[in-house]
Each structure stands twice: as structure tokens, then as C-alpha cells.
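Please read all numbers here as calculations on a predicted model, not as lab measurements. Proteins come first, then strands; the chains are lettered A, B, ... in the order of their sequence lines, and each starts at number 1. All values below come from the heavy atoms of this structure, side chains included, with hydrogens, waters and symmetry mates left out.
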There are 2 protein chains.
Amino acid sequence: MQDLFTSFSLQVNNRVYIKNPESSALGRKIVESSINLIDEVGFEAFTFRKLGLEIHSNEASIYRYFESKYKLLLYLTSWYWSWMEYRIAFGLANIPAPEERLEKAIKLLTENIELDGSFEHINEYKLNKIVIAESSKSYMTKEVDQNNKEGFFAGYKQLVGRVSDIILEINPTYKYPHMLISTLIEGAHHQRFFAQHLPRLTDAVNGEDAIIEFSKEVTFKAIGAKWPIK
Amino acid sequence: MQDLFTSFSLQVNNRVYIKNPESSALGRKIVESSINLIDEVGFEAFTFRKLGLEIHSNEASIYRYFESKYKLLLYLTSWYWSWMEYRIAFGLANIPAPEERLEKAIKLLTENIELDGSFEHINEYKLNKIVIAESSKSYMTKEVDQNNKEGFFAGYKQLVGRVSDIILEINPTYKYPHMLISTLIEGAHHQRFFAQHLPRLTDAVNGEDAIIEFSKEVTFKAIGAKWPIK
DNA sequence: TCATTTATGATAGTATTACTATTATATTTG
DNA sequence: CAAATATAATAGTAATACTATCATAAATGA
């Protein structure tokens, strides 16, 4: 993948940043180190001052890229959903059966993410941990309607829409495709967090990824499709 | 209910507060007004200073009840889950069939909450809105393991455990009862938030509460039970 | 009932946060 | 090489998240 798409870069709504961080070395460094730092200290304790110290740059310089740490978080989550859509687009290419496409999409959406190295300055493994633990803080705010109007959640909504469409291909009468998919995406994230920190809220099963299995099974049974597929 | 249980009060882990807010008029005022204020301005903008102004009391006095606004949020969410367990205990009493008990439990867990007035100083309607929008901020933190050790999430875990037990009564071989219930509780909350703010992530259906219907249907189909019940 | 404990109020103070403004110095570009 | 642009350094502000101190009010109990 690296070799084929070295210059590939993902689109993020340009209103979440003041200056595109992809456009300069400092910008990329800000993104790269913000992922490390948020992963390390958590979003609450993360500040632009600390980030500036970490990258031997200046707080004021960071503010020229992002209006606030919330906008930076929105940037990271938007990037993540855009990346996820690209993963799914490639992962589902040339699979004709909608059942198989749905199964694959759910796997891609709910699996544990590993470092994949396609993007120099983005650690997908840590970004996934941030999305799991912090992304709800990017929309569970009083500014959600304003942010939504500006299109900050477009990537996420589009992704949910695409997967819902596969469900409707399989069962055109299913009434709750968006609910099902958004519930399972958020649910899988919560389950990964719980598995680490509040295991009594989950059910670990040896030798399989219970979260993926659970998600697939729930989906296919909910929409009344055959499970397992074959 | 008011008449029968006027003096009934719910248990909250005594380590989330410094001084029990139930023990004084000021304490109850703090809880009552914090619900109004968090609902109004959101948890980020909520401060003890503003709360002090609102209740014509002193910031320092509030700190004598709660160590921080995070602990106050933990108090509110713990109270909520304790209340929810009490609602479920009463709501399920004398229903012998586990299928009916499960259906009722899911309804109680996922329905829209209205003001019920059983507790003088707690507005259940607003508290539900707070739990929906803010409760993940009480456990999605770097302190989660510490807080968990101190038992701050015991009420929630117990509730999930109880409903999971009903599932196991119906289908003792179902592998993911805790995942299913915790996913649906969180999921229903997310869906209520999305329905208000990000409707493209949900599926509104006229004339029914789609969130309750969706949750029940997913549950019964996932565990392989007959749906609808009769 | 009066002394003592306990709760609350008023005020002040500190370190940190989340910025903005200004000016100087690099770096890039035309 | 001049001009534009990006970054760095420094300083400053209002608000936050507390802590400390002391005065006063209310409750309690001997």
C-alpha cells in the first residue's frame, strides 16, 4: 500500500483548521505529536503549551493551525473517519455479494487497529485509541449543532450511510439501518474500552475477537439475514 | 409512589463525595442546581463558581461537598444508575416470564425519561439528558482504573449484570449478554442524542419510539428468542 | 442556657489554562 | 535580492480549579 499510494492524502473539512497542517513540516509535526501526547496524557490534560514544548515549537505557532484543542480533536477524528471510508472502499472492492461486503465492512469498522504505516505522520494504532476514548468529546458538546452545520461530521455520517446502503441491499425493508450501524460502531469502541478498563461490562472469549464476532452476529440476525453466511 | 416512599433515598458510593449532599439543605441545593446548570450550559462550561452564584452560596462551600466537578458528575451518574436499578426492580416485580421481564427492562433502560417527581431535589428528566450527553466524560478519563478500583461504577456494572442474568435465563448459551446490554444502553443514549442533533445517524419512524423498538428487536433476535413475544 | 462544635460565608491568593498581541527573526518565493 | 510569509520569543489577560484563612451563624449537648 505504501508504495502505490505514497502521495495519497485524505480529505478533511477545511473549516476545522486555520491553516492546513498537511501543508508544512510544522503542521505535520503538530498532528503527529498531538496523537502521541493525547494518547499519553488524555484529552483533558492535553494543552497546546505542552504540545509546543514537546515539539520544541511555540504555543502561538500551533494556534496558527488550529483555533483550539477541540478543533484539533475534530481534525483527528475527521481524518480517522475519512481513513476508515478509504479502508472500506478498498476492502470491499470486487466483492459482489452484499452479505460478504457487509461482513467485511463490519470487521473493518470494529476490529482492533494496528499500526499500518501508510501515512508518515499518523500512527493509526494510537489514533484509534484516541477515537475510542476521546471522540465522543468532539460531538457531545453544546456546539454540536453549529459544528454539524459547518459539516464537521460529514465523513462519519457518510460512512454510516454507505454501510447502511449495503444493509438495504440485503434487506430493503429493514427499518433501522442507520441506528444499527452507528450503534455498532460506537458500541465496538465502547467495548474495546471496557475490555481494558471495566471488564465486567463485556464478555471476553478466548481465541476469538469477541467484539467483531458479536457485532457481525447482531447485525445479520437483526436484519434477518442468514448467519453465519455459509 | 411519592406517598409510599417519601423517605426513600438511593445509595451512592460514599467515596464520590466529601460530605453527603443528602445530609443538608445546602447539599441538596447543590445537587438540584448542578443538574439545572449542567443541563443548561454543558459540563465543560459548568464551574463551581457559577453554581455558587446560582444558589447564592459560596464556591468554597461547594468544595466541602465535592472534590471537583468530575466527582459531582460521578455522583449524579451513580445516582442515576441506582435509580434505574430501583425502577427496574419495581417494574419487573411479579412478572414471571423472563421474556416479558427482559422486554420491560429494555423499555425502562432505553425509553425517554420524564419528570417523575419522586425525589424533591432531582429532576429525572434533566438528569437523563445529562447522563446521555455527559456521562461518558465520567469514565472516559485517565483516572478510570483508579475510579473503578474505588467502586465508582459499581451501580452501572450491577445493573448490566442483572439484565444479563435475565438473558441467560432465556438462553443460557448466549455468549455475549453483557456486551449486548451495555451496547444497547449506551447505544440508546447515543441514538437519543443523534435524533436531536445528528439525525442522519438514526432512523426516525412516525408514531412509535423507534429507539425502544429497535433495542428490543435487536436483543430478542440476537439471543435467538421469539420476537415479537406474542 | 451557655459553651462548643460544626456548617457556611466572605475574601484572598496561586498555578494553570486558553487564549491574543506584538515584535523579532528565519525561510521561501518571485 | 526584495518582499512576502512562517515561525519563534515574549508578554499579557481573563477565567478556571482549586486552597487557605478567618469571621459568623446555626445546631447540639451537658
For the pair [X] (side chain) and [Y] (backbone), establish whether a donor and an acceptor sit closer than 3.5 Å, ignoring hydrogens and angles.
{"X": "B/Lys104", "Y": "B/Gly91", "answer": "yes"}
{"X": "B/Arg192", "Y": "B/Thr110", "answer": "yes"}
{"X": "B/Lys142", "Y": "A/Glu44", "answer": "no"}
{"X": "A/Lys129", "Y": "A/Ile113", "answer": "no"}

Handout entry: Heavy-atom contact window of chain B on DNA chain C, given 5' to 3' at under 4.0 Å
Key = C/dA7 to C/dT11

Practice task
Would you indicate what B/Tyr65 reaches in the nucleic acid, counting non-hydrogen atoms under 4.0 angstrom: base, sugar-phosphate, or nothing?
Solution key: sugar-phosphate

Please name all residues satisfying side-chain hydrogen bond (donor to acceptor under 3.5 Å, both in side chains) with [X], sequence neighbours left out, ordered by chain then number.
{"X": "B/Asn128", "value": "B/Tyr80"}
{"X": "A/Tyr176", "value": "B/Glu208"}
{"X": "B/Asp203", "value": "A/His178"}

Problem - Base-contact (B) and sugar-phosphate-only (S) positions in nucleotides 16-21 of chain D, heavy-atom cut-off under 4.0 Å, - elsewhere - result: SSBBB-

Problem - No-hydrogen, no-angle side-chain donor-acceptor test under 3.5 Å, A/Tyr156 and A/Ser135 - result: no

Problem - Interface residues of residues 15-42 of chain B with DNA chain C (non-hydrogen, below 4.0 angstrom) - result: B/Lys19, B/Ser24, B/Leu26

